Amino acid sequence: MATIERLALTDFRRRVVAGAFPDFQRLADAFSAMQFVQADPIRSPARAQDLMLRQRVNGYVAGELEATFPDLDAEEGYLFAYGFMTPEVWRELRWRPIRKLKKLERDVLDAVAELGEVHPRGLDERFGRKSVKNYWGGKSQQTKRILEHLHHHGYLRVARREKGIRVYQVPEQTDGQDSDPRARYRRLVMTTVHVFGASTKTMVVSELRNHNHLLPSRQERLAAVESLIEDGHLKEVQVAGITYLWRRENWLEEEVPDRVRILAPFDPLVRDRTRFQQLWGWDYRFEAYVPAAKRVRGYYAMPVLWRDQVIGWANANVADDRLKVQLGYVGKRPREKAFRMQTEAEVEATSKFLGLPSGAWELAW
DNA sequence: CCAATCGGCTAAGCCCGTAA
DNA sequence: TTACGGGCTTAGCCGATTGG
């Protein structure tokens with residue numbers, strides 16, 4: 001058994017950051033290469049999927065994914081979070097175990113098959129309106145809950161969105177239900193490590209808990225990850241006592257440019273909060289679900305990356321057609337002129353991405 | 001008729017207690 | 001010590017309805 005390669009924290013950090021932002025000219029290329037982009041509807045100042053794509057696609061504008069979704073090879077579904085993914089990934093997670101469909105569920109499915117593309121409101125006439133309690137403790141229409149349930153279990157796909165609202169249809173019945181669950185789980189592991197870059201075994205298995213039905217015992221799940229290392233698909237590196245997994249093809253040597261990036265709270269670079277703590281020495285927390293009075297950094301504080309360091313956060317919103325950005329720092333604000341220039345360039349780029357005119361922004365340092 | 005209000009849609013992190 | 005499940009926490013936007 002070969003000893004595990006060790007890497008200094010500084011080298012590891014540079015490598016993780018350098019690998020996190022592949023540069024694409026076209027959305028379609030970026031999307032198929034990324035394989036998965038997490039969705040979040042909060043717009044402060046833009047949806048998470050748009051904030052993540054703009055860091056990887058040249059000239060990307062907010063809403064582009066939603067507008068071009070039907071032309072992309074894309075599906076929606078739940079991997080380790082809800083999001084947009086390639087058909088290849090969707091195939092692995094599409095079918096989930098389900099009890100026999102109830103009468104109403106079967107009727108809704110038949111209605112979608114008959115109508116083609118269905119907006120949730122499009123079922124009102126046929127099924128009437130009935131509010132039920134949803135996952136968040138709020139209210140939803142009963143038929144909307146059934147559409148989501150049918151989608152989650154592979155009976156429906158999302159064809160497109162109308163102003164953020166999902167429009168469903170019956171997918172082509174490609175097979176996949178009987179493919180080997182262990183092989184499916186292994187491919188989901190590879191996708192997860194591809195999305196995040198260096199990940200610990202614990203983190204990957206924990207993130208994929210929504211797919212535990214594929215391999216019911218934890219021992220099996222860990223063994224599946226282990227087998228990917230043995231087969232040479234994943235490489236191990238040890239950083240200050242923590243062992244990370246890395247896909248061999250993502251193991252690149254690149255330099256990190258002098259650049260400021262304002263990141264979504266769910267950006268793959270920052271989403272693993274444990275890795276975040278090891279790389280940058282502070283605890284980043286997403287506070288949208290924290291009561292307003294208890295928030296430390298803000299409702300939707302976005303991590304700010306400077307070179308290979310996450311040095312603070314930004315709160316941003318649009319008011320009166322102007323982008324307003326407020327920065328905060330964990331330590332001291334970098335003094336270099338380059339930081340100031342690069343920050344202004346990032347804010348200008350963000351306002352452009354939001355469809356605002358050049359210079360329509362204010363920056364509070 | 002216009003403005004205000006309401007219902008519905010969209011998303012998961014985090015903490016804590018208990019079990020393994 | 002770690003894993004896991006339960007429970008708690010928001011806000012922007014849009015369209016329909018209601019009230020003045």
Side-chain angles (χ1 to χ4, degrees), chain A residues 36-52 62-63 65-66 69 76-85 118-125 127-149 151-152 158 160-168 200-213 215-222 241-242 264-268 270-277 283-303 315-319 324 354:
Chain A
F36 177 82
V37 181
Q38 182 169 343
D40 194 278
I42 292 171
R43 272 172 280 188
S44 184
R47 293 181 171 113
Q49 56 268 38
D50 289 329
L51 293 171
M52 290 186 273
L65 177 65
E66 179 167 320
F69 183 88
E76 292 194 20
Y78 197 95
L79 179 57
F80 46 75
Y82 192 87
F84 307 90
M85 64 192 70
V118 171
H119 186 283
R121 291 286 64 75
L123 296 177
D124 288 355
E125 205 174 308
F127 295 96
R129 289 172 70 81
K130 185 186 172 194
S131 279
V132 294
K133 198 178 167 189
N134 67 23
Y135 179 70
W136 302 86
K139 283 186 292 183
S140 293
Q141 282 299 306
Q142 184 181 33
T143 46
K144 179 66 182 80
R145 299 288 298 149
I146 291 173
L147 288 169
E148 285 176 9
H149 184 71
H151 175 219
H152 190 69
V158 175
R160 61 192 164 85
R161 290 190 182 219
E162 268 180 38
K163 290 174 182 148
I165 311 292
R166 297 183 190 94
V167 174
Y168 297 90
T200 62
K201 208 178 291 182
T202 309
M203 189 264 186
V204 174
V205 170
S206 162
E207 285 295 318
L208 288 176
R209 62 191 174 278
N210 197 261
H211 311 278
N212 284 0
H213 62 88
L215 296 174
S217 95
R218 183 175 162 76
Q219 284 310 311
E220 282 180 284
R221 299 195 285 272
L222 288 168
I242 297 175
F266 311 108
D267 194 285
V270 298
R271 195 177 174 284
D272 178 351
R273 307 298 193 227
T274 308
R275 190 181 77 174
F276 187 110
Q277 161 61 242
D283 290 311
Y284 171 67
R285 221 164 58 119
F286 179 58
E287 298 184 312
Y289 303 107
V290 172
K294 290 186 186 173
R295 289 181 199 143
V296 177
R297 305 202 165 93
Y299 171 65
Y300 200 77
M302 295 175 284
N315 286 290
N317 67 300
V318 176
K324 296 179 181 164
L354 293 169

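Computed from a predicted structure; not experimentally measured. Throughout, a chain's letter reflects where its sequence line sits, starting with A, and its residues are numbered from 1.
- For the pair Lys144(A) NZ and dG7(B) C1', the computed distance is 15 Å after rounding to whole Å.
- In this structure, Glu207(A) atom CD and dC4(C) atom P are separated by 12 Å, rounded to whole Å.
- For the pair Arg273(A) and dG13(B), the criterion of a side-chain N or O lying under 4.0 Å from OP1 or OP2 is not met.
- Rounded to an integer number of Å, the gap from CG of Asn210(A) to P of dG5(C) is 11 Å.
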Check nucleotides 11-17 of chain C for protein N or O atoms closer than 3.5 Å to its own N or O atoms and list the pairs.
residue	atom	partner	partner atom	Å
dA11(C)	OP1	Arg295(A)	NH1	3.4
dA11(C)	OP1	Arg295(A)	NH2	3.4
dA11(C)	O4'	Tyr299(A)	OH	3.0
dG15(C)	OP1	Lys163(A)	NZ	2.8

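- A heavy-atom distance below 4.5 Å is found between the side chains of Met302(A) and Pro45(A).
- Between Arg121(A) and Asp124(A) a salt bridge is recorded (basic side-chain N to carboxylate O distance below 4.0 Å).
- The residue Glu287(A) sits apart from the nucleic acid: no heavy atom pair falls under 4.0 Å.
- Looking at heavy-atom distances under 4.0 Å, Arg218(A) makes contact with sugar-phosphate atoms alone, never a base.
- Residue-level contact check: Thr202(A) touches the backbone only, with heavy atoms under 4.0 Å from sugar-phosphate atoms and none from bases.
- Checked against dC9(B), dA12(B), dA11(B), the side chain of Pro120(A) finds its nearest nucleotide in dC9(B).
- For the pair Tyr300(A)/Arg43(A), no side-chain contact is recorded, criterion being any heavy-atom separation below 4.5 Å from C-beta on.
- The shortest side-chain heavy-atom distance between Ser206(A) and Phe80(A) does not fall under the 4.5 Å cut-off.
- Atom CD of Gln277(A) and atom P of dG13(B) are 18 Å apart (whole Å).
- Across the protein-nucleic acid pair, Met52(A) atom CE and dA11(B) atom C1' stand 11 Å apart, rounded to whole Å.
- For the OP1/OP2 pair of dC15(B) and a distance below 4.0 Å, the side-chain nitrogens and oxygens of Arg285(A) include at least one atom meeting the criterion.
- In this structure, Glu148(A) places its CD atom 8 Å from P of dC9(B), rounding to the nearest Å.
- As judged by a 4.0 angstrom heavy-atom cut-off over every strand, Phe266(A) is placed among residues touching the sugar-phosphate backbone only.
- Atom NE2 in His213(A) sits roughly 15 Å away from atom P in dC4(C) (whole-Å rounding).
- To the nearest 0.5 Å, the span separating OH on Tyr78(A) from CE on Met85(A) amounts to 10.5 Å.
- The side chain of Arg161(A) places an N or O atom within less than 4.0 Å of a non-bridging phosphate oxygen (OP1 or OP2) of dA11(B).
- One finds a salt bridge joining Glu207(A) and Arg271(A) here, because a Lys/Arg side-chain nitrogen approaches an Asp/Glu carboxylate oxygen to under 4.0 Å.
- Proximity of Arg121(A) to the phosphate of dC9(B): a side-chain N or O atom is located under 4.0 Å from OP1 or OP2.
- Side-chain contact between Glu76(A) and His151(A): present, with at least one pair of heavy atoms (C-beta onward) separated by less than 4.5 Å.
- Going from atom CZ of Arg145(A) over to atom P of dG7(B) covers 19 Å, rounded to whole Å.
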